[in-house]
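Scope of the values below: all heavy atoms of this structure, side chains included, with no hydrogens, waters or symmetry mates. Whatever order the structure lists them in is the order used to number ligands and atoms, beginning at 1. Residue numbers start at 1 and run along the sequence shown.
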Amino acid sequence: MHLPCRPADSNKSTFGSVLNIAGSVHFRGAAYLSTVSALRVGAGYATLAAIPPVIDAVAAKLSEAIFLPLPQDGATISRDAVFTLSSQIKSGTICSFGCGISALQNASVNLSETTDELLNIFIQKRTPLVLDADGLNLLAKSPISFRFGNRCVMTPHPMELARLLHTDVEQIQKNRLDAAREASKKYEAIVLLKGHRTVIALGEHGEINETGNSALAKAGSGDCLTGVIAGLLAQKMEPFDAAVLGAHIHGLAGEMASKDFSEYGVLASDLPSYIARIIRDLK
Ligand SMILES: NC(=O)C1=CN([C@@H]2O[C@H](COP(=O)(O)OP(=O)(O)OC[C@H]3O[C@@H](n4cnc5c(N)ncnc54)[C@H](OP(=O)(O)O)[C@@H]3O)[C@@H](O)[C@H]2O)[C@@H](O)CC1
Ligand SMILES: Nc1ncnc2c1ncn2[C@@H]1O[C@H](COP(=O)(O)OP(=O)(O)O)[C@@H](O)[C@H]1O
């Protein structure tokens, strides 16, 4: 599998744009890590759509991001955010949704309804989408049977997949590839089941990622993976290929980072710069 090409005669629009809907009062770092990772993997633009306190925190660390302030309800986005976002999401806009959006009880009374409306917009506008973390937890609770037409990469860890399939982590881990395949068929999506030996499924087709180590077993590293896959989608990779290559690059970044910091000491915020170094070496 090849990296997206990087023609000399190019500009930032050539490499696409990611609209990342992420973060809440409790989880501001998740918004930062997913946004910076999309830029580090080569996207031309990354826009973070978030509530003002999240934007303030991310703006202090990341000069390159563009910000779309969203209305706030409690600790997270309000239902009015749907109006703001629906005018921004055009046909084909690359979106990521869910990192740190916060499904904690009472984070926002209407977050489930807001999520259902957003998911409908993603489907109607046929947006390539990365759906992670609380985006998945809210989907699991939805009464609607969403089907994403294989334009969506869902990135659950085993507990998130257990919630989606209404089972437990033990069942998921017994046969990881079959569990990912089942969810892929249920949601018509690419399902990337995270963990040691991440698996990626599309219908019956499945791949196992061999890269990565325990340096990645630390809060925030999955948020980086979301940004990597979204950044590859922005560069026009097919969703399944973006998931496979994204997991490969993310795992190698963890391995390289652990050579400098040990598997104990790597932080998720170290990973984006190692993602760039891995891309240099893959080229
Ligand atoms: N800095 C920030 O802003 C950060 C923000 N974040 C945000 O936090 C929110 C909550 O997300 P979350 O994943 O921490 O909580 P949750 O869904 O309850 O799952 C936790 C349980 O899942 C399980 N589990 C996980 N991996 C597994 C594996 N490989 N294999 C097996 N089991 C596994 C494991 O269960 P256990 O092993 O304990 O039984 C674990 O206890 C979300 O919005 C996210 O974006 C985070 O990204 C962190 C950094
Ligand atoms: N022991 C491990 N070996 C390889 N990869 C791992 C290991 N532990 C975690 N990872 C990877 O790190 C990431 C963790 O994601 P996730 O559990 O969603 O964390 P978070 O929500 O805190 O960002 C996933 O890409 C997962 O595959």
Quiz item: Parallel, tilted or perpendicular: which describes the rings of Phe97 and Phe122, with under 30° parallel and over 60° perpendicular?
Solution: tilted

Quiz item: Out of Thr115, Leu111, Val82, which residue meets the side-chain contact (heavy atoms from CB on, under 4.5 Å) rule with Ile77?
Solution: Leu111

Quiz prompt | Enumerated ligand 1 atoms positioned under 4.0 Å from heavy atoms of Gly29 | solution = 3 (O)

Self-check item: Nitrogen or oxygen of Val169 less than 3.5 angstrom from that of ligand 1
Solution: no

Quiz item: Distance from Asn120 atom CG to Ser86 atom OG, nearest 0.5 Å?
Solution: 12.0 Å

Quiz prompt | Same apolar cluster (I L V M F W Y, side chains within < 4.5 Å links), Tyr45/Val228 | solution = no

Practice problem: Starting at OG1 of Thr211, measure out to CE of Met256 and round the result to the nearest 0.5 Å. | Solution: 12.0 Å

Quiz item: Of all the non-hydrogen atoms in the protein, which one sits nearest to atom 24 (N) of ligand 1, and at what distance?
Solution: His157 ND1, 4.0 Å

Quiz item: Above 12 or not: heavy atoms from other molecules or residues under 6.0 Å from NE2 of His2?
Solution: no

Quiz item: Do Val58 and Ile101 belong to the same hydrophobic cluster, where Ile, Leu, Val, Met, Phe, Trp and Tyr are linked whenever their side-chain heavy atoms lie under 4.5 Å apart, directly or via other members?
Solution: yes

Exercise. Name the closest protein heavy atom to atom 30 (N) of ligand 1, giving the residue it belongs to and the distance to 0.1 Å.
Key: Pro158 CG, 3.3 Å

Self-check item: Backbone or side-chain N or O of Asp223 under 3.5 Å from ligand 1 N or O
Solution: yes

Quiz prompt | Member of Asn209, Val199, Thr226, Ile229 meeting the side-chain contact (heavy atoms from CB on, under 4.5 Å) criterion with Leu192 | solution = Ile229

Practice problem: Looking only at distances, please establish whether an N/O atom of ligand 1 is found under 3.5 Å from an N/O atom of Lys194. | Solution: no

Quiz item: Looking at Leu271, Leu245, Thr198, Ile278, which hits side-chain contact (heavy atoms from CB on, under 4.5 Å) with His250?
Solution: Leu271

Self-check item: Protein contact for atom 11 (O) of ligand 1 (heavy atom, distance under 4.0 Å)
Solution: no

Quiz prompt | Within reach of ligand 1, part of Gln173 (heavy-atom separation under 4.0 Å) | solution = side chain

Quiz item: Which of the numbered atoms in ligand 1 are below 4.0 angstrom from a heavy atom of Cys99?
Solution: 45 (O)

Practice problem: Measure from atom 38 (O) of ligand 1 to the protein's non-hydrogen atoms and state whether any distance is below 4.0 Å. | Solution: no

Quiz item: What protein heavy atom sits nearest atom 23 (C) of ligand 1, and how far away is it?
Solution: Met159 CB, 3.7 Å

Quiz item: Just how far is it from atom CG of Leu119 to atom CG of Leu138, taken to the nearest 0.5 Å?
Solution: 8.5 Å

Exercise. Could you go through the side-chain contact (heavy atoms from CB on, under 4.5 Å) check for Asp116 and Phe146 one step at a time?
Key: CA-CA 9 Å; Asp116 285 349; Phe146 287 104; 3.7 Å; yes

Self-check item: Enumerated ligand 1 atoms positioned under 4.0 Å from heavy atoms of Ala30
Solution: 2 (C), 3 (O), 5 (C)

Which N/O atoms of ligand 2 sit under 3.5 Å from a protein N/O, and at what distances?
unit_1	atom_1	unit_2	atom_2	d
ligand 2	3 (N)	Asn213	O	3.4
ligand 2	12 (O)	Leu216	O	3.2
ligand 2	12 (O)	Ser221	OG	3.3
ligand 2	15 (O)	Gly222	N	3.3
ligand 2	18 (O)	Lys194	NZ	2.7
ligand 2	22 (O)	Gly220	N	2.8
ligand 2	23 (O)	Gly220	N	3.2
ligand 2	23 (O)	Ser221	N	3.4
ligand 2	23 (O)	Gly222	N	2.7
ligand 2	23 (O)	Asp223	N	3.2
ligand 2	27 (O)	Gly195	N	2.8
ligand 2	27 (O)	Gly195	O	3.3
ligand 2	27 (O)	Thr198	OG1	3.1

Quiz item: Atoms of ligand 1 less than 4.0 Å from Gly100 heavy atoms?
Solution: 43 (O), 44 (C), 45 (O)

Quiz prompt | Per-residue contact class, Arg163 against ligand 1 - non-hydrogen pairs under 4.0 Å | solution = side chain

Quiz item: Does a donor on one side chain and an acceptor on the other come within less than 3.5 Å for Asp134 and Ser102?
Solution: no

Self-check item: Those atoms of ligand 1 less than 4.0 Å from some heavy atom in Gly220
Solution: 48 (C), 49 (C)

Quiz prompt | Qualifying residue for side-chain contact (heavy atoms from CB on, under 4.5 Å) with Glu182, from Leu165, Leu177, Val191 | solution = Leu165

Exercise. Just need the protein heavy atom nearest to atom 6 (N) of ligand 1, so name the residue and atom and give the distance.
Key: Phe27 CD2, 4.0 Å

Quiz item: Taking the six-membered ring of Phe148, is NZ or CZ of Arg151 closer than 6.0 Å to its centre and within 45° of its axis?
Solution: no

Quiz prompt | Per-atom contact, atom 14 (O) of ligand 1, protein heavy atoms, under 4.0 angstrom | solution = no

Practice problem: For atom 42 (C) of ligand 1, grab the closest protein heavy atom and report residue, atom and distance to one decimal in Å. | Solution: Asp134 OD2, 3.5 Å

Self-check item: Sidechain-backbone polar pair: Thr127 side chain, Leu129 backbone, donor-acceptor under 3.5 Å
Solution: no

Quiz item: Can you list the ligand 1 atoms lying under 4.0 Å from a non-hydrogen atom of Ala133?
Solution: 42 (C), 44 (C), 45 (O)

